[in-house]
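Here is the naming used below: chain letters follow the sequence lines, and residue numbers restart at 1 for every chain. Quick note: numbers below take in every heavy atom, side chains included, and nothing from hydrogens, waters or symmetry partners.
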Amino acid sequence: MLDNLKVIFTQDATSLQNAHYLMTKTIKTRFAPSPTGFLHIGGARTALFNWLYAQNQQGEYLLRIEDTDRERSTDGAIDAILDGLDWLGLKWDGDPVFQHQGAKRHQEIAGQLLESGHAYKCFCTAEELQEMRDTARANKQPPRYDGRWRDKSAADHPTDADFVIRFKTPKDGQTIIGDKVQGKVTFANKELDDLILLRSDGSPTYMLSVVVDDHDMGISHIIRGDDHLTNAARQTQIYNALGWKIPTFAHIPLIHGADGAKLSKRHGALGVEAYRSMGYLPEALRNYLVRLGWSHGNDEIFDTDQMVKWFSLKSIGKSPARFDFKKLKNLNGHYIKTCDDATLSQHLRRALPDFIDEDGNRVLEDMPGLMSEENWQKLSLALPGLKERAKTLVELMDNARFLFVARPLAMAEKAGKHLTDESRGYLGELLERLSHIEDWSMDTLETEVKKFTDDKELKLGKIAQPLRAALTGTPTSPGIYDVLYALGKEESLARIQDQLS
RNA sequence: GCACCCUUCGUCUAGCGGCUUAGGACUCUGCCCUUUCACGGCAGCAACACGGGUUCAAAUCCCGUAGGGUGCACCA
């Protein structure tokens with residue numbers, strides 16, 4: 001920021017104004033996942049809120065990978081997170097920041113804190129610390145570091161032992177955080193012990209790195225899960241020790257599983273890519289997620305523009321929400337229905353190879369092999385009818401199966417019931433009429449079939465059901481004219497013929 | 001154990017002292033529409049955790065109780 005300023009100072013007045021604007025007005029949010037696993041649903045919502053707030057304020061939304069724990073961070077997890085955000089449409093501004101790359105700077109700041117007397121060397125061994133915690137617990141005391149090296153002078157330090165750098169938290173008084181969601185939250189300083197800034201191998205811990213990075217990146221608003229609420233107090237103390245401006249906090253409540261407890265595999269603790277594989281649309285997931293904790297009156301369905309326009313930290317509630325697949329599904333049905341065919345096709349192609357059910361089992365495994373370009377064409381003809389009645393892409397594809405199966409069709413029991421001697425007779429006559437149709441369009445087909453039922457003085461159901469059975473082998477399907485049309489004349493006639501003998 | 005946070009229909013929530021016989025959405029049930037399924041339309045079931053205050057008036061403010069959650073690592 002300072003470097004930028006210098007450059008701008010040499011330029012004209014407009015730039016100077018811009019610089020001032022940058023210094024004081026720019027809203028910057030960040031999403032800061034740790035790459036130790038996939039991007040789960042809670043993280044996705046945190047990212048969404050950060051993204052929405054930045055959009056709403058016309059600010060920036062940055063991505064920082066918190067990989068200071070080199071042991072547990074994996075490239076696979078990083079890819080999964082980036083891919084997940086991309087799919088959800090929560091593209092970050094600029095390049096992602098990798099926290100471990102700032103280690104030097106973090107160490108420098110730790111040194112600064114040491115010099116200014118805000119931190120100290122602690123020579124405790126792991127065993128000592130464990131013992132400390134055990135005794136505390138045995139005495140029904142909170143397990144905390146007792147500060148035994150806090151006031152030791154350099155003369156008392158061993159020369160050949162490993163040490164960590166600890167932050168010297170204020171002993172008395174309280175730390176107050178003003179939170180946009182939680183309101184004013186007060187912690188007694190005696191509740192907070194001296195946290196570690198630098199490990200014995202010299203590597204910085206999360207608590208140090210976040211503060212330094214958020215400061216250096218110019219983050220104005222920290223929106224994250226409320227599991228970080230106590231961290232906010234600790235971080236506030238570090239900001240104060242450094243004399244840095246404290247960013248605005250907004251700690252959002254967590255998402256629980258359907259049973260009210262922690263998210264389990266069954267109830268949403270899945271990577272967002274799992275939702276893609278279950279056949280959910282990103283806009284549906286976004287819409288569902290934004291309503292978990294945030295509201296705009298009685299509104300339920302938002303397109304992205306509306307979300308951005310209406311989003312505010314003020315309207316975020318404080319109580320945790322439970323994850324409910326039923327509602328997600330309903331929303332998904334809505335977005336499938338309203339999605340244009342071309343986009344829907346792309347989603348289908350992308351997700352089809354990985355389709356799973358809600359238990360995570362692979363489904364429709366034979367479909368990818370079935371889907372020749374010709375079949376995708378066929379599918380696109382049937383899409384308008386198909387998307388009306390599917391709540392997930394998996395369901396949609398499953399319902400589309402009749403398009404691709406080979407003749408003669410296997411007949412489901414409930415479908416076969418419609419094929420009686422009587423109905424076969426009608427089908428035969430209808431077949432004759434259909435074979436003369438030149439213009440195989442939905443309108444013509446409808447006219448022709450209606451004419452047939454009029455002539456015969458039949459209820460439409462009398463002929464539609466047997467026809468459906470013959471054409472699809474199933475008791476349910478899209479509208480019968482949709483089916484005839486998508487199948488095409490040749491295939492339709494052949495399928496009817498198959499059932500006559 | 002200690003600290004902090006939370007508590008309106010089964011679920012997500014509206015409500016921010018009187019407009020409330022507490023509204024919407026999902027789920028469920030019934031009816032209508034109808035070529036099946038789905039959509040859609042209509043109707044119905046269903047909640048202010050409990051106990052004290054404050055006030056002319058409380059789901060809304062305060063205090064307790066109970067229940068739930070989160071945090072308390074050389075993880076992030």
Side-chain angles (χ1 to χ4, degrees), chain A residues 32-36 66-69 71-73 99 122 124-126 129-130 133 136-145 162-166 179 181-183 185-188 190-193 195-201 203 205-207 209-210 225-231 233 251 253-254 256 258 260-262 288 291-301 317-331 333-334 337 385-391 395 399 414-415 418 449 453 459-469 472 474-481:
Chain A
S34 67
T36 52
E66 312 248 288
D67 54 356
T68 50
D69 185 348
E71 297 287 305
R72 300 200 306 155
S73 301
Q99 189 158 61
C122 164
C124 283
T125 61
L129 291 171
Q130 191 52 50
R133 279 191 287 268
R137 232 184 280 272
N139 295 331
K140 303 215 167 181
Q141 293 296 309
R144 279 196 281 257
Y145 174 68
D162 282 344
F163 62 87
V164 300
I165 306 287
R166 280 186 189 270
D179 192 284
V181 172
Q182 303 291 332
V185 185
T186 306
F187 290 92
K190 65 173 164 59
E191 299 297 335
L192 279 4
D193 62 357
L195 65 275
I196 292 173
L197 261 16
L198 244 43
R199 302 187 182 94
S200 51
D201 66 357
S203 65
T205 60
Y206 160 82
M207 209 61 79
S209 299
V210 242
D226 70 8
D227 49 336
H228 281 287
L229 198 56
T230 13
N231 289 340
H251 287 92
L254 268 18
H256 293 157
K262 252 193 168 159
Y288 177 69
R291 285 289 289 110
L292 250 34
W294 177 79
S295 61
H296 183 266
N298 280 333
D299 297 315
E300 293 289 346
I301 290 179
K318 291 212 259 180
S319 49
R322 299 184 186 202
F323 192 88
D324 178 21
F325 260 114
K326 291 230 175 93
K327 191 157 183 179
L328 206 212
K329 234 182 196 169
N330 175 274
L331 239 18
H334 167 83
K337 210 181 314 163
L386 250 14
K387 68 184 187 184
E388 288 288 328
R389 44 196 120 251
K391 292 222 192 308
E395 241 177 80
N399 293 342
K414 282 185 180 171
H418 294 291
V449 174
T453 52
K459 294 255 290 184
L460 187 53
K462 263 296 206 213
I463 192 68
Q465 283 304 87
L467 189 52
R468 184 185 323 279
T472 70
T474 62
T476 66
S477 81
I480 202 66
Y481 311 115

Can you identify which nucleotide, out of [options], has its nearest atom closest to the [X] side chain?
| X | options | answer |
| --- | --- | --- |
| A/Ser200 | B/rC39, B/rC74, B/rC4 | B/rC74 |
| A/Asn298 | B/rC2, B/rU11, B/rG24 | B/rG24 |
| A/Ile480 | B/rU35, B/rC12, B/rU27 | B/rU35 |
| A/His228 | B/rA76, B/rC26, B/rC37 | B/rA76 |
| A/Val185 | B/rA14, B/rC39, B/rC4 | B/rC4 |
| A/Ile196 | B/rG69, B/rC2, B/rC74 | B/rC74 |
| A/Lys318 | B/rC6, B/rU13, B/rC4 | B/rC6 |
| A/Tyr206 | B/rU35, B/rA73, B/rA76 | B/rA76 |
| A/Arg468 | B/rU36, B/rU27, B/rU70 | B/rU36 |

At less than 3.5 Å, do the side-chain atoms of [X] and the base atoms of [N] form a donor-acceptor pair?
| X | N | answer |
| --- | --- | --- |
| A/Glu300 | B/rG24 | yes |
| A/Arg389 | B/rC37 | yes |
| A/Lys327 | B/rC12 | yes |

### Query
Between A/Arg468 and A/Ser477, does any side-chain donor sit less than 3.5 Å from a side-chain acceptor?
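Yes - a donor-acceptor pair under 3.5 Å links their side chains.
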
### Message
Tell me whether A/Glu191 is salt-bridged to A/Arg144, with the criterion being a basic N under 4.0 Å from an acidic carboxylate O.
### Response
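The answer is yes: the pair qualifies as a salt bridge.
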
#### Entry: Lys/Arg N to Asp/Glu carboxylate O, A/Asp324 vs A/Lys327, below 4.0 Å
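Salt bridge between A/Asp324 and A/Lys327, a charged N being under 4.0 Å from a carboxylate O: no.
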
When you compare [N] with [M], how far apart are their [atom1] atoms, in angstrom units rounded to a whole number?
| N | M | atom1 | result |
| --- | --- | --- | --- |
| B/rA43 | B/rA59 | P | 27 Å |
| B/rU21 | B/rU35 | C1' | 44 Å |
| B/rA66 | B/rG51 | P | 15 Å |

### Task
Walk me through it: do A/Lys459 and A/Thr453 pass the test side chain to side chain contact (heavy atoms under 4.5 Å, CB included)?
CA-CA 7 Å; A/Lys459 294 255 290 184; A/Thr453 52; over 6 Å; no

### Task
Select from A/Thr205 and A/Pro478 the residue whose nearest nucleotide in RNA chain B is closer to the 5' end of that strand.
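Looking at RNA chain B, the more 5' nearest nucleotide goes with A/Pro478.
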
### Message
If you assign A/Arg133 and A/Arg291 each to the RNA chain B nucleotide with the nearest heavy atom, which residue ends up on the more 5' nucleotide?
### Response
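Result of the comparison: A/Arg291.
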
#### Entry: CG-OG distance between A/Asp162 and A/Ser200, expressed to the nearest 0.5 angstrom
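Reported value, rounded in 0.5 Å steps: 5.0 Å.
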
### Query
Using a cut-off of 4.0 Å on non-hydrogen atoms, how would the nucleic acid contact of A/Lys391 be classed: base, sugar-phosphate, or nothing?
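Sugar-phosphate, backbone atoms only, no base.
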
### Task
Check the distance between B/rG71's C1' and A/Asn231's CG and give it to me in whole angstrom.
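Taking CG of A/Asn231 and C1' of B/rG71, I get 8 Å after rounding.
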
### Task
Could you state the atom-to-atom distance from OH of A/Tyr288 to C1' of B/rU27 in whole Å?
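To the nearest whole Å, that distance equals 12 Å.
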
### Query
Taking any strand in view, what nucleotide pairs with B/rU36 in a Watson-Crick or G-U wobble way, both distances under 3.5 Å?
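Paired with no nucleotide.
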
